[in-house]
J.: 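First the structure, which I've put down as structure tokens, then a few questions once you've had a look.
The analysis underlying the following values was restricted to heavy atoms, covering all of them including side chains, and did not include hydrogens, waters or symmetry mates.
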Amino acid sequence: MGRGKLRIYLGAAPGVGKTYAMLSEAHRRVERGTDCVVAFVEHHNRPRTEVMLHGLEQVPRKHLDYRGSAFTEMDVDAVLLRAPAVALVDELAHTNVPGSRNAKRWQDVEELLAAGIDVVSTVNIQHLESLGDVVESITGVRQRETVPDEVVRRADQIELVDMSPPALRRRMAHGNIYKPDKVDAALSNYFRPGNLTALRELALLWVADRVDEYLTEYRSEHRVSKIWGSRERIVVGLTGGPEGRTLIRRAARLAEKGAGGEVMAVYIARSDGLTSASPKELAVQRTLVEDLGGTFHHVVGDDIPVALLDFARGVNATQIVLGSSRRKTWQYVFGPGVGATVARESGPDLDVHIVTHDEVAKGRGLPVARGARLGRSRIIWGWVVGVGGPVVLALLLNTIDLGLANDMLLFLTVTVAAALLGGLFPALASAAFGSLLLNYFYTPPLHRLTIADPKNIVAIAIFVGVAVSVASVVDLAARRTHQAARLRAESEILSFLAGSVLRGETSLEALLERVRETFGMESVALLERAGDVDPWTCAGSVGPRSPKRPEDADVDMPVGDHMALALSGRVLPASDRRVLAAFAAQAAVVLDRQRLQHEADQAKELAEGNRIRTALLAAVSHDLRTPLAAIKAAVSSLRSDDVAWSEEDQAELLEAIEEGADRLDHLVGNLLDMSRLQTGTVTPLIREIDLDEVVPMALGGVPEGSAELDIPETLPMVAVDPGLLERAVANLVENAVKYSPVDEPVLVSASAMANRVEVRVVDRGPGVPDEAKDRIFAPFQRYGDAPRGAGVGLGLAVARGFAEAMGGTLNAEDTPGGGLTMVLTVRAVHRLPDLATATAERQAS
């Protein structure tokens with residue numbers, strides 16, 4: 001059975017109509033005869049949505065009890081047993097009630113998809129994990145229920161359910177989204193026009209990016225090279241010169257004029273010869289383009305115009321920005337230049353902007369390095385001079401008699417010119433042809449290929465020797481120049497690779513993407529296997545249709561005995577393999593680093609677990625044995641037949657048993673709470689509540705009169721888990737009473753500050769120095785001379801853990817006049833509470 005298909009309705013905010021659209025789709029499918037069921041849909045008491053459930057089969061929900069309240073969740077087993085063709089699962093980012101099959105609903109959906117069931121689901125843009133910080137900065141609300149981006153990206157279909165902010169606010173005002181008592185708070189807080197507009201933009205851009213990914217994949221699969229101007233992409237060609245900053249800023253202004261514009265700066269390094277490029281200037285330009293929201297790319301290409309156009313077409317660019325040439329006027333005799341060539345070859349679907357700048361016509365820092373060794377045009381000119389030069393010179397000397405010595409010097413000059421232009425072989429041809437002409441026309445006997453005077457033989461031999469020597473020197477210099485340019489190109493790429501390591505770019509996928517980009521490949525994969533006969537597995541890949549085996553790739557670079565970097569797209573020259581080997585070695589290092597980091601994280605978790613277990617054993621061995629011993633002694637005394645206990649003695653022994661049991665209950669409760677915090681299983685059920693409903697209950701564990709309350713009635717409601725808040729405040733109060741003088745009661749007060757509410761627990765004890773204020777919140781810590789029987793040192797750690805789990809904070813401050821003040825900060829309900837609250841939370845409220 002194949003994997004099911006996932007369709008997601010994505011919205012910018014609650015109330016845009018995702019669930020309604022999902023149910024409408026379900027009715028359409030049922031009318032077509034599709035077996036479609038409602039696995040879990042929450043209508044939130046919205047009449048129009050509730051009506052859409054009529055006529056659809058609903059799988060019964062699973063009932064769960066948690067903290068004395070009843071909740072319902074999707075029954076995954078029941079859906080799997082029913083095995084429909086399509087299942088509707090609302091609220092993909094929902095957090096299941098503890099005790100459910102999975103912690104998250106998207107994990108339930110993964111099980112249904114794996115069983116071959118198609119799933120239709122919904123999610124809001126603020127629930128995407130990567131956008132959590134952005135959404136919080138916009139709305140002021142931290143989304144606690146998130147779904148990994150990759151889960152949504154893998155969806156077979158993503159449909160945006162859109163609604164303008166004014167229309168959504170009208171729906172809210174009409175009571176179509178929330179209950180009437182919450183409408184005013186929602187409209188003035190989360191559902192402000194600015195918030196909704198920003199969230200809508202996030203949703204539109206995210207969907208646009210996904211569409212762009214699908215388009216890129218389609219173009220690659222169908223090998224579409226023609227540019228489709230579906231989105232403005234501007235490529236900036238950089239030379240490493242100072243004009244690059246001007247070009248980047250101009251491109252950024254062009255991108256701002258179009259919706260969703262994107263800037264990509266590219267520097268093309270020639271594999272066998274480079275112009276002078278300042279690494280410092282390139283680093284500055286890279287920082288500039290990234291600050292402006294663009295990306296920087298480093299590409300290798302022998303022909304700069306061709307490489308630039310290939311890159312632009314590969315990323316489906318619509319515009320290219322180039323700077324006016326820095327060459328002087330006379331240098332145009334060597335060719336039209338990069339800008340003119342790119343403009344001529346770009347075609348009708350790619351616009352080219354030539355931007356003026358301050359460096360125009362000021363010349364290049366160093367002459368342009370030619371192609372392989374001397375370059376094709378230069379070799380051609382060498383052959384022209386080497387073969388044609390002696391003929392032209394012979395015709396001229398036949399009309400003028402300058403003497404044999406001058407004739408030889410002139411022929412030698414032509415040979416040297418051929419050597420300087422074309423290297424060794426044109427010079428040898430010129431020397432041979434020139435010596436024949438000298439012998440035939442100017443050496444007695446004339447017009448015969450013989451030499452009568454031996455001195456002329458020596459002269460011609462010297463002539464050929466000088467020609468060969470000069471040509472050899474020129475050829476050797478050209479070789480050295482080519483090698484130096486090649487090494488300079490490699491050093492720039494390797495320095496860029498080293499810079500990425502120093503910048504902390506340790507992602508394997510990012511490095512493979514850099515390899516694909518640098519060498520102009522279609523796909524790159526890092527393959528590995530356990531042994532010589534084991535099958536290859538992919539440790540990481542980028543690009544479509546990445547090779548599965550080294551033999552399937554166009555280029556493969558071994559890394560050790562059982563790892564290889566495989567590239568598809570074209571065959572690389574041997575000269576590029578040295579740089580590729582450096583990338584391959586770095587990829588292996590990055591992979592090892594990632595695995596070592598994962599192992600280190602696991603080791604850290606194990607070490608922390610061992611530390612906790614050791615501390616627990618210590619606590620059990622002493623702190624828990626003390627009340628147990630007291631209880632056992634009291635029970636043994638009561639059961640003894642040797643002593644006749646009075647009623648007062650029996651009452652005192654029973655009181656000791658009760659105190660010991662309460663103490664045991666408190667210690668065990670803290671130990672269990674700490675264990676839950678360490679394992680990350682604390683799931684707060686946030687609801688709106690008044691502080692005066694919770695805080696007084698937290699004082700039940702301290703002696704009467706040891707604490708005073710000051711909770712104003714005018715305080716706003718807070719968004720907390722009542723049970724966690726009560727435990728946190730109780731631990732703070734018990735700790736404060738423990739260290740406070742008997743005649744100084746602990747003060748528990750509360751006050752509102754902006755969108756937060758502070759609960760202060762003030763004692764007049766010895767206080768804590770500043771350097772120890774953070775340590776007192778660590779597990780199994782006792783401060784000062786607290787006796788062993790005072791507890792296991794978990795109260796404050798548990799309190800801070802519960803506070804942070806609810807989105808609050810807990811810190812210690814000095815009490816004016818002496819003592820310590822614990823400040824517990826929680827979120828007030830001036831704003832709308834977290835719109836991502838789970839179904840269980842809404843039922844609890």
J.: Indicate every side-chain donor-acceptor pair of residues 196-206 with a distance under 3.5 Å to a residue at least two apart or in another chain.
T.:
from: Thr197; atom 1: OG1; to: Pro193; atom 2: O; distance (Å): 2.8
from: Arg200; atom 1: NE; to: Asp162; atom 2: OD1; distance (Å): 2.9
from: Arg200; atom 1: NE; to: Asp162; atom 2: OD2; distance (Å): 3.2
from: Arg200; atom 1: NH2; to: Asp162; atom 2: OD2; distance (Å): 2.8

J.: Of the non-hydrogen atoms in Ala812 and Met822, which two are nearest, and what is the gap between them?
T.: CB-SD, 4.0 Å
J.: Nearest 0.5 Å, please: how far is CG in Leu820 from OH in Tyr739?
T.: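 Answer for the OH-CG pair, Tyr739 versus Leu820, is 10.5 Å.
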J.: So that I can tick it off, tell me whether Arg286 and Glu290 are bridged by a salt bridge, with the cut-off set at under 4.0 angstrom between side-chain N and carboxylate O.
T.: yes
J.: Run the side-chain contact (heavy atoms from CB on, under 4.5 Å) check on Glu708 and Leu699 step by step: do they pass?
T.: CA-CA 9 Å; Glu708 296 180 354; Leu699 274 64; over 6 Å; no
J.: Ala13 and Gln126: which non-hydrogen atoms are nearest, and at how many Å?
T.: CA-OE1, 4.3 Å
J.: What closest approach, in Å, do Leu732 and Ala799 show between heavy atoms, and which atom pair accounts for it?
T.: CD2-CB, 4.0 Å
J.: So how far is it from Ser637 OG to Glu652 CD, rounded to the nearest 0.5 Å?
T.: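 Rounded to the nearest 0.5 Å, the OG-CD separation comes to 10.5 Å.
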J.: Could you check whether Asn811 and Lys773, counting side-chain N and O atoms only, form a donor-acceptor pair closer than 3.5 Å?
T.: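 No, no side-chain donor-acceptor contact under 3.5 Å.
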J.: Flag the pair Glu42 and Arg61 as a salt bridge only when some basic side-chain nitrogen lies within less than 4.0 angstrom of an acidic carboxylate oxygen.
T.: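 Here Glu42 pairs with Arg61 in a salt bridge, since their nearest N and O are under 4.0 Å apart.
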J.: State, yes or no, whether a side-chain contact exists between Thr821 and Asp814 at a heavy-atom distance under 4.5 Å.
T.: no
J.: Looking at Glu129, I'd like to know if its CD atom is crowded, meaning that more than 12 non-hydrogen atoms belonging to other residues, nucleotides or ligands lie closer than 6.0 Å.
T.: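 Yes - once you tally the heavy atoms of other residues, nucleotides and ligands closer than 6.0 Å, there are more than 12.
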J.: Side chains of Gln602 and His598: do they bring a donor and an acceptor to under 3.5 Å?
T.: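 The answer is yes; a qualifying pair exists.
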J.: Does the side chain of Asp710 come within less than 4.5 Å of Val748's, by heavy atoms?
T.: no
J.: Please check if the side chain of Asp690 supplies one atom and the backbone of Glu693 the other of a donor-acceptor pair under 3.5 Å.
T.: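 No, the answer is negative, given that no donor and acceptor are paired below the 3.5 Å cut-off.
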J.: Considering non-hydrogen atoms only, spot the tightest contact between Pro716 and Val757 and give its length.
T.: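 Scanning both residues completely, I find the closest heavy atoms to be CG-CG2, 4.0 Å.
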J.: Applying side-chain contact (heavy atoms from CB on, under 4.5 Å) to Val759 and Ile711, what does each step give before you reach the verdict?
T.: CA-CA 9 Å; Val759 178; Ile711 308 295; 5.7 Å; no
J.: Under a plain distance cut-off of 3.5 Å, with no hydrogens placed, do Thr19 and Thr122 share a side-chain donor-acceptor pair?
T.: no
J.: I need the minimum non-hydrogen distance between Asp763 and Thr815, along with the two atoms involved.
T.: O-OG1, 3.4 Å
J.: With a 6.0 Å cut-off (strictly less than), is the heavy-atom count around CD of Glu647, excluding the residue itself, greater than 12?
T.: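 Open: at most 12 neighbouring heavy atoms sit under 6.0 Å from CD of Glu647.
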J.: Should Ser706 and Val737 count as side-chain neighbours, where that means a heavy-atom distance under 4.5 Å?
T.: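 Yes - at least one pair of side-chain heavy atoms lies under 4.5 Å apart.
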J.: Do Lys62 and Thr72 meet the criterion of a side-chain donor-acceptor pair at a distance under 3.5 Å?
T.: no
J.: Going by heavy atoms in the side chains, are Leu128 and Val147 under 4.5 Å from each other?
T.: yes
J.: List the steps and the verdict of side-chain contact (heavy atoms from CB on, under 4.5 Å) for Leu691 and Leu725.
T.: CA-CA 9 Å; Leu691 277 181; Leu725 179 62; 3.8 Å; yes
J.: Is Gln107 reaching over with its side chain to a backbone N or O of Ala103, donor-acceptor style, under 3.5 angstrom?
T.: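 Confirmed, Gln107 side chain pairs with Ala103 backbone.
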J.: Hey, are Arg105 and Glu73 close enough for a salt bridge, meaning a charged N less than 4.0 Å from a carboxylate O?
T.: yes
J.: Side-chain contact, heavy-atom cut-off 4.5 Å: Leu796 with Asn735?
T.: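 Side-chain contact under 4.5 Å: yes.
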J.: Which value, rounded to the nearest 0.5 Å, describes the distance between Asp692 atom CG and Met697 atom CE?
T.: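 Asp692 atom CG to Met697 atom CE measures 12.0 Å (nearest 0.5 Å).
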J.: Rounded to the nearest 0.5 Å, what's the gap from CG on Asp770 to CD on Glu813? Could you check?
T.: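 It is 10.5 Å, given to the nearest 0.5 Å.
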J.: Quick one: does Thr95's side chain have a donor or acceptor within less than 3.5 Å of a partner on Lys104's backbone?
T.: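 Judged by distance alone, no pair lies under 3.5 Å.
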J.: In Å and rounded to the nearest 0.5 Å, what is the CG to OG distance from Leu715 to Ser751?
T.: 7.5 Å
J.: Between Leu824 and Val761, does a side-chain contact (heavy atoms from CB on, under 4.5 Å) hold up when you go through it step by step?
T.: CA-CA 8 Å; Leu824 174 63; Val761 180; over 6 Å; no
J.: With a 4.5 Å heavy-atom cut-off, do Met163 and Arg171 have their side chains touching?
T.: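 Yes; the side chains approach each other to less than 4.5 Å.
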J.: For Ala252, which residues count as a side chain to side chain contact (heavy atoms under 4.5 Å, CB included) partner, sequence neighbours excluded?
T.: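 Ala252: side chain to side chain contact (heavy atoms under 4.5 Å, CB included) contacts with Leu292.
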J.: For Thr825, enumerate each residue passing the side chain to side chain contact (heavy atoms under 4.5 Å, CB included) test, keeping only those at least two apart in sequence or located in another chain.
T.: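 For Thr825 the side chain to side chain contact (heavy atoms under 4.5 Å, CB included) partners, ignoring immediate neighbours, are Arg756, Glu758, Thr809, Val823.
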J.: Strictly by modelled atom types, are Asn96 and Asn102 linked by a side-chain donor-acceptor pair under 3.5 Å?
T.: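 Per modelled atom types, Asn96 and Asn102 side chains form no pair under 3.5 Å.
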J.: Roughly how far apart are Arg760 CZ and Ser749 OG, rounded to 0.5 Å?
T.: 7.0 Å
J.: Can you tell if the side chain of Trp106 reaches within under 4.5 Å of the side chain of Glu91, non-hydrogen atoms only?
T.: no
J.: Against the six-membered ring of Phe802, is Arg727 placed for a cation-pi contact (under 6.0 Å from the centre, within 45° of the normal)?
T.: no
J.: For the residue pair Met74 and Phe40, what are the closest heavy atoms and their distance?
T.: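 That would be N-CD1, 3.6 Å.
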J.: Should Pro14 and Asn124 count as side-chain neighbours, where that means a heavy-atom distance under 4.5 Å?
T.: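 Yes. Closest side-chain heavy atoms under 4.5 Å.
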